[in-house]
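A short worksheet on the structure shown next.
These numbers were taken from a predicted model, which means no experiment stands behind them.
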Amino acid sequence: MHDARALIEMGAEAVRRLARRGYSLDLSELESLQSRRNQNIRSADELRAESKRVASEVQQTAKQGGDISKLKERAREIKEQVRDIEAGQEEIEAQLRDLLLSIPNLPDDSAPDGDSEEFAIEIRRVGTPPAFPFEPKDHVDLGEATGILDFGRATKLSGPRFAVSRGAGAALERALATLFLDLHTRRHGYTEYAVPYLVTRKTMTGTGQLPKFEEDLFKTGVADRELFLIPTAEVPLTNLYADEIIPPTELPVAMTAHTPCFRSEAGSYGRDTRGLIRQHQFAKVEMVKIVDPETADAELEEMVGHAEACLKELGLAYRVIKLPAGDTGFSAQLTYDIEVWIPSQNTYREISSVSNFGTFQARRANIRTRGEDGKPKLVATLNGSGLPVGRTLAALLEQCQQQDGSIVLPESLFPYLGFRRISADGTPEA
């Protein structure tokens, strides 16, 4: 969320930067709402001051035995005028808030121009995509052939875009999540959290999922309680500090959590409907940092490295790209995508997005620290996937497949699994 005054002061510069991401800022509408809001505040303050003067005159006139009827009438008129102004002010405040909530974050100038991945800048490639002496299978065929994935029964339970894992597949999912959590907590300095999977509208608004993306969310409720299923642990983790002032000595705050994530994927039917790439429910280990804005750029680079470390531990080939301004998420000002090699598609596919949100989420959620002068100031927030379990499993199965249909697993998973190979019939083998 933006400060209206800051956008107005930026003027054409704000319009230019938002245009890079395909958003047309109506500066005149913003200026009009802000002006009307300020005028109403001034008018109400002037009337309240007059009301105090009239009240004082009533007391003095009454003590002197004078006629106070006209003064009382004026007091009533002022009271009604203030009430009318306040009612109008509530409407203007709501309009201004709705407008500000709909304006995306200003993209960082270092983000390239463009509105799709084809305009992304490749930063680096790590690892060599495996070359197979046979036609590689996709993870769906591998999973179903070995019996460790069952999409048919998942559809019977919940409809399309769900999966059931069993045996070595379920153990592998658990091992991946534990490996990622261990990396982040023991090596990267994050504190692990267990958080609610259902959150309020205010919480969703704090990180930018609402109001814009309501159609992408699963919603439930009991009686008059409205709750949303989290699309990512970013939502509860960031909002743990909503409406708080974090002492500067406690920054940076680094948090991680392993949670299910729920997304309706509205408008995406027909894309990636097969397999684990795009599902309504999936597990993910998330990283969130709350930092001083002055250190946010450096923290972003470090967080990208933390996500990469998960892929390096598994020996998976991947690349890092910087997204263009027009393909950056609503709340982010700069995003790096990490894409893992998917042999069956002969291409890299997104497995993690790591973003710097600047003070955008902090303003919405009212998360602050104190500056050197002791006064409250907004923090910066960052988050990244580290990593999604399903997409990692898909890449792992495909990159580690053997000609006989078995899967040879990375050595880093052995302490968590107790086996190094999944045979063609799904049997774990040491």
Side-chain angles (χ1 to χ4, degrees), residues 1-35 37-38 95-123 205-213 216 234 238 288-301 303-304 320-338 350 353-369 371 377-384:
M1 185 173 178
H2 296 281
D3 180 343
R5 291 171 300 179
L7 287 178
I8 291 170
E9 288 174 4
M10 291 178 68
E13 175 65 8
V15 173
R16 179 193 70 80
R17 292 178 64 181
L18 286 167
R20 294 184 68 224
R21 65 183 308 152
Y23 183 88
S24 179
L25 175 62
D26 189 339
L27 202 59
S28 60
E29 180 185 10
L30 182 61
E31 289 173 336
S32 174
L33 285 170
Q34 182 73 358
S35 175
R37 172 185 178 275
N38 293 341
Q95 292 176 13
L96 183 59
R97 177 175 171 80
D98 288 347
L99 175 58
L100 291 172
L101 285 174
S102 72
I103 301 172
N105 202 352
L106 299 172
D108 192 276
D109 280 336
S110 70
D113 290 331
D115 58 1
S116 66
E117 189 178 308
E118 65 181 289
F119 297 98
I121 296 175
E122 183 173 290
I123 306 300
T205 303
T207 39
Q209 280 72 25
L210 289 177
K212 182 175 176 60
F213 300 106
D216 288 324
E234 167 203 347
T238 304
V288 168
K289 281 195 174 186
I290 300 176
V291 306
D292 188 289
E294 298 298 320
T295 68
D297 290 340
E299 295 282 3
L300 177 64
E301 300 296 330
M303 186 177 277
V304 172
V320 179
I321 62 174
K322 180 184 285 190
L323 292 188
D327 197 31
T328 301
F330 177 83
S331 298
Q333 63 182 32
L334 183 63
T335 297
Y336 289 98
D337 267 7
I338 302 174
E350 178 204 334
S353 284
V354 186
S355 299
N356 177 10
F357 300 102
T359 59
F360 186 81
Q361 291 181 329
R363 184 178 297 280
R364 295 170 77 105
N366 190 31
I367 307 172
R368 296 174 293 170
T369 187
K377 71 171 188 176
L378 295 170
V379 297
T381 61
L382 305 94
N383 89 278

Just distance, no hydrogens or angles: give the donor-acceptor pairs under 3.5 Å from side chains in residues 377-384, sequence neighbours left out.
from, atom 1, to, atom 2, distance (Å)
Lys377, NZ, Asp292, OD2, 2.9
Thr381, OG1, Gln361, OE1, 2.7
Asn383, ND2, Glu286, OE2, 2.4

Show me the donor-acceptor pairs within less than 3.5 Å that the side chains of residues 322-333 make with the rest of the protein, sequence neighbours left out.
from, atom 1, to, atom 2, distance (Å)
Thr328, OG1, Pro324, O, 2.9
Ser331, OG, Thr207, O, 3.2

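Side-chain contact between Leu18 and Ser24 is absent, with no heavy atoms from C-beta onward closer than 4.5 Å.
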Apply side-chain contact (heavy atoms from CB on, under 4.5 Å) to the pair Glu350 and Ile338, showing each step before the final yes or no.
-> CA-CA 6 Å; Glu350 178 204 334; Ile338 302 174; over 6 Å; no
Give the intermediate values and the outcome of side-chain contact (heavy atoms from CB on, under 4.5 Å) for residues Asn356 and Thr335.
-> CA-CA 7 Å; Asn356 177 10; Thr335 297; over 6 Å; no
Please step through side-chain contact (heavy atoms from CB on, under 4.5 Å) for the pair His2 and Arg364, ending with a clear verdict.
-> CA-CA 8 Å; His2 296 281; Arg364 295 170 77 105; over 6 Å; no
Determine, step by step, whether Thr359 and Ile367 satisfy the side-chain contact (heavy atoms from CB on, under 4.5 Å) criterion, reporting the C-alpha distance in whole Å, the side-chain angles of both residues, the deciding distance to 0.1 Å, and the verdict.
-> CA-CA 9 Å; Thr359 59; Ile367 307 172; over 6 Å; no
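Within 6.0 Å of atom CZ in Arg16, more than 12 heavy atoms from other residues, nucleotides or ligands are found, so the atom counts as buried in its surroundings.
Partners of Glu299 under the side-chain hydrogen bond (donor to acceptor under 3.5 Å, both in side chains) rule, at least two apart in sequence or in another chain, are Lys289. Looking at residues two or more places apart in sequence or on another chain, you find a side chain to side chain contact (heavy atoms under 4.5 Å, CB included) between Glu122 and Arg125, Arg319, Ile321. Not counting sequence neighbours, the partners of Asp26 by the side chain to side chain contact (heavy atoms under 4.5 Å, CB included) test are Ser28, Glu29. Asp3 meets the side chain to side chain contact (heavy atoms under 4.5 Å, CB included) test with Arg5, Ala6, Arg363; sequence neighbours excluded.
Not one N or O on the side chain of Arg368 forms a donor-acceptor pair closer than 3.5 Å with the backbone of Ala362. No donor-acceptor distance shorter than 3.5 angstrom exists from the side chain of Arg21 to the backbone of Leu106, with no hydrogens or angles considered.
Between the CD1 atom of Ile123 and the CG atom of Asp337 there is a distance of 11.0 Å, given to the nearest 0.5 Å. Atom OH of Tyr336 is separated from atom OG of Ser355 by 11.0 Å, given to the nearest 0.5 angstrom. Here Leu30 contributes atom CG and Ser35 contributes atom OG; the two are 11.0 Å apart, rounded to the nearest 0.5 Å. If you take CG on Leu25 and CE on Met10, they are separated by 10.0 Å, rounding to the nearest 0.5 Å. Atom-to-atom distance recorded for Phe360:CZ and Ile103:CD1 is 8.5 Å, nearest 0.5 angstrom.
Residue Pro104 comes nearest to Tyr23 through the heavy atom pair CD-CD1, 3.5 Å, listed as atom of the first residue, atom of the second, then distance.
With respect to Asp108 and Arg17, no salt bridge is recorded, no charged nitrogen being found less than 4.0 Å from a carboxylate O.
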